[in-house]
Amino acid sequence: MKPRVARITQAVGPKLAALPRPKTPTALSLSLPKNLRTWQYTAGAATAGLALTAGVVTAAGPWDSSGQRTAERDWAAVQERSGGTDHGRNSGTSDTSAASGTSAGAPAPAPSAPSVLTGLGSATGTVRAAPAGRALAAVLDPLLKNPALGTRRTAAVVDVATGKRLYGLGAGEALVPASTTKIATAVAALSAMGADHRLTTRAALEPDTDELVLVGGGDPTLTARKDPEGWASLRTLADSTAAALTKRGVRQVTLSYDTTLYAGRELHPIGVNDNLAPVSALMTDEARTDGSSSGPAPRGTEPAADAARTFATLLAKHGIKTTSPGPSKATGRATTLATVSSPPLSALVERMLTNSDNDLAEALARQTALATDVRPDFAGGARAIRTQLGKLGLPMSGARFADGSGLNRADLLTPNLLTALLAKAGDPAHPELRAALTGLPVAGFTGTLSARYTDGAAGVVRAKTGTLTGVNALAGTVVDRDGRLLAFAFLAADTTSPAQAQAALDRTATALAACGCG
C-alpha cells in the first residue's frame with residue numbers, strides 16, 4: 001500500500017468502520033431528486049453510491065491492494081471529510097493504451113464472505129421493483145442513437161438479483177467485444193479451477209546429471225523485482241533453490257528451462273505488440289523491459305530464456321555456478337527443490353480485469369484449457385472458454401472465441417452473454433465466480449476507468465472497458481437510484497473517435513445509474 005494511502009487508512013479506517021450502515025439502498029436513493037442533471041447526479045453518486053460501495057466492501061471481506069476494495073474504502077472515507085480531496089487517484093486511458101494506476105501491495109483473495117448482492121441488499125425485499133422496460137427504453141434509446149457510437153450498436157440490461165432482462169437493443173447480435181472478452185475468460189477460469197487455485201513455478205534437479213530445470217507454471221505475474229508486492233518471487237525461488245543445492249553439496253549445475261506446459265505458437269495473431277508478450281509458460285514481470293507493471297510496454301522476445309538468465313544471476317549471488325540456460329523438459333525422476341506460487345486465482349482475475357491485463361488473460365485461457373483437458377494453445381484456450389461457459393447454461397448463441405484477451409477481432413460476443421456472465425458471477429449459488437464482479441474497474445478511481453466518469457457516476461458504475469480501432473464497449477454493473485444492482489453491456493462498432501465513443505458510453509451508464517425507472 002502506498003504511504004499516503006496507508007496514512008489515510010490508519011486515520012479514518014476505525015471511523016469508517018464505526019459509521020452506521022444504511023438501512024436500505026432505497027433510503028439513500030429516495031433522497032435524490034427525480035430530475036437530476038448529470039452534474040447533480042455526480043454529487044449524489046459520490047455520497048449515496050459510495051455509501052453503497054462501503055456496504056458492499058464491508059460485506060465482501062478483506063481489503064486487498066489490487067486496487068479494488070482498498071480504493072473504495074479510501075474514497076468512501078474521503079467523502080466524509082470536507083474539501084472532497086482526491087487522494088492519490090492516477091489517470092488512465094483505454095484498456096490497451098495506458099497504465100491503470102491501481103494501488104500497490106500484496107494481493108488478497110477476492111471476497112469469500114457475503115456476496116456483493118447481499119451487501120447491496122438487492123436480493124432482499126427492502127428495495128423497489130426492477131426498472132420497467134419502457135421507462136428504461138425512454139432513457140437509453142436516445143443515448144444509444146448517438147452518432148459517436150458508430151453504425152452498429154447493441155445493448156442489454158439485466159436485473160442481477162433475478163436474472164431478468166429489462167432492456168435490449170439487438171441483445172442477441174454478436175459484435176466484436178474487444179477487452180470485455182476478459183469477463184468471459186474470468187468466469188470460465190474461475191468455474192474450471194476455483195477461486196483458490198494457484199499457479200506454481202518450480203526448480204527441479206535431475207538425478208545423476210546435476211541438470212537444474214526451471215519449470216514454468218504459466219504464471220505471468222512471477223516477478224524478479226526486489227519488492228514482489230505479494231506476487232510469486234523469482235528471487236525467493238533462487239534463494240530456496242541455492243540453499244537446497246548447497247545442502248546437497250552441489251555448487252555447479254547445468255541450467256535449463258521448461259516451457260512445455262503450454263503448446264502451440266507463443267506469438268498472438270496480432271503479431272509483436274506492446275499490449276502482450278509472447279505467451280509462454282515461463283516469464284517474469286510479463287516480459288516487460290521498462291519496469292512498468294501495467295499498460296502497454298516494450299516486451300522481451302524470449303521471455304523464458306530471459307527468466308532463466310535472471311535466475312542464473314540470482315543463483316550466482318549464492319555461489320552457484322550455471323551453464324548458459326537452454327530449453328529442456330523436466331523428467332518424472334527430477335526432484336523438486338523449491339517452488340513459489342501465485343496469489344489465488346481470484347486475485348489474478350481481479351488484476352486481469354482492473355488493469356485489462358492481456359498477458360494474464362491469455363495465461364488464464366490456457367490454464368482453463370489445461371483444467372479441462374484441452375490443448376493449451378490459442379485455439380484450445382478459446383475452445384475451453386466456450387465449453388466451460390456452456391456448462392454454466394449461459395446463452396452462447398452467436399458467440400465466438402479466438403483468444404482470452406479480446407485482442408483478436410475474430411472474437412464475437414452478444415450483450416445477452418455479457419450480462420448473463422455478470423449475473424452468473426453475482427448468483428449466490430456461485431460464490432467462486434465473485435471475483436468477476438469485484439475485479440471490475442470502479443468508475444472514477446480504479447483501473448481503466450480511473451480517468452472516466454469525472455462528471456458522471458463515479459463510484460457507482462463498475463465496468464470492463466473494451467477498445468480496439470473502430471470498436472468501443474462497456475460491460476459491468478451499476479446500482480440504480482432505487483437500489484437495484486443491474487448488469488449492462490453496451491457494444492459499438494465502426495466508431496470513428498475513441499474519445500467520443502467512450503464519452504457516449506459513459507453518459508449511457510451514468511443515465512442508467514441515475515434512472516428511477518420503476
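Starting from 1, each residue takes its place in the sequence as its number. Being a predicted model, the structure only gives us computed values, none of them experimental.
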[Y] and [X], any side-chain heavy atoms less than 4.5 Å apart:
| X | Y | value |
| --- | --- | --- |
| V340 | S233 | no |
| L348 | T221 | yes |
| P415 | F490 | no |
| L345 | L364 | yes |
| T414 | P395 | no |
| L418 | L491 | yes |
| L212 | L245 | yes |
| L214 | L237 | yes |

Is there a side chain to side chain donor-acceptor pair (under 3.5 Å) between T223 and D285? Walk through the geometry before answering.
CA-CA 5 Å; T223 181; D285 301 301; 2.6 Å; yes
Keeping [X] on the side-chain end and [Y] on the backbone end, is there a donor-acceptor pair under 3.5 Å?
| X | Y | value |
| --- | --- | --- |
| N358 | L276 | no |
| T185 | G404 | yes |
| R288 | T284 | no |
| E211 | S256 | no |
| R462 | A443 | no |
| T323 | L255 | yes |
| R235 | A224 | yes |
| Q367 | G217 | yes |
| N355 | D357 | no |
| T354 | G439 | yes |

Go through it in stages, so that I can follow the logic: the residues are S356 and T448, the test is side chain to side chain donor-acceptor pair (under 3.5 Å), and I'd like the CA-CA distance, side-chain angles, deciding distance and then a yes or no.
CA-CA 7 Å; S356 197; T448 55; 5.8 Å; no
What is the distance from atom [atom1] of [X] to atom [atom2] of [Y], rounded to the nearest 0.5 Å?
| X | Y | atom1 | atom2 | answer |
| --- | --- | --- | --- | --- |
| L417 | R386 | CG | CZ | 9.0 Å |
| I183 | K424 | CD1 | NZ | 15.5 Å |
| L422 | L437 | CG | CG | 6.0 Å |
| L315 | K321 | CG | NZ | 13.5 Å |
| L474 | R452 | CG | CZ | 6.0 Å |

Using 4.0 Å as the upper bound for N to carboxylate O, is an ion pair formed by R351 and E229?
no
Thinking salt bridges, do R333 and D208 make one under a 4.0 Å N-O criterion?
yes
Only one of D274, D359, N273, T289 passes side chain to side chain donor-acceptor pair (under 3.5 Å) with R299; say which it is.
D359
For T372 and Q388: C-alpha separation, side-chain torsions, deciding distance, then whether side chain to side chain donor-acceptor pair (under 3.5 Å) applies.
CA-CA 8 Å; T372 55; Q388 197 64 27; 5.3 Å; no
Contacts satisfying salt bridge (Lys or Arg N to Asp or Glu O under 4.0 Å) that involve residues 396-419 (not counting sequence neighbours) are none
Derivation of the side chain to side chain donor-acceptor pair (under 3.5 Å) call for E362 and S405:
CA-CA 6 Å; E362 296 303 342; S405 62; 2.7 Å; yes
If you look at every heavy atom in P376 and L261, which pair is closest and at what distance?
CG-O, 3.4 Å
Side-chain donor-acceptor contact under 3.5 Å, T246 with R251:
yes
Just checking, any donor-acceptor pair under 3.5 angstrom between side chains of D239 and H318?
yes
Do R366's NZ or CZ and the ring of F378 fall within the cation-pi criteria of under 6.0 Å and 45°?
yes
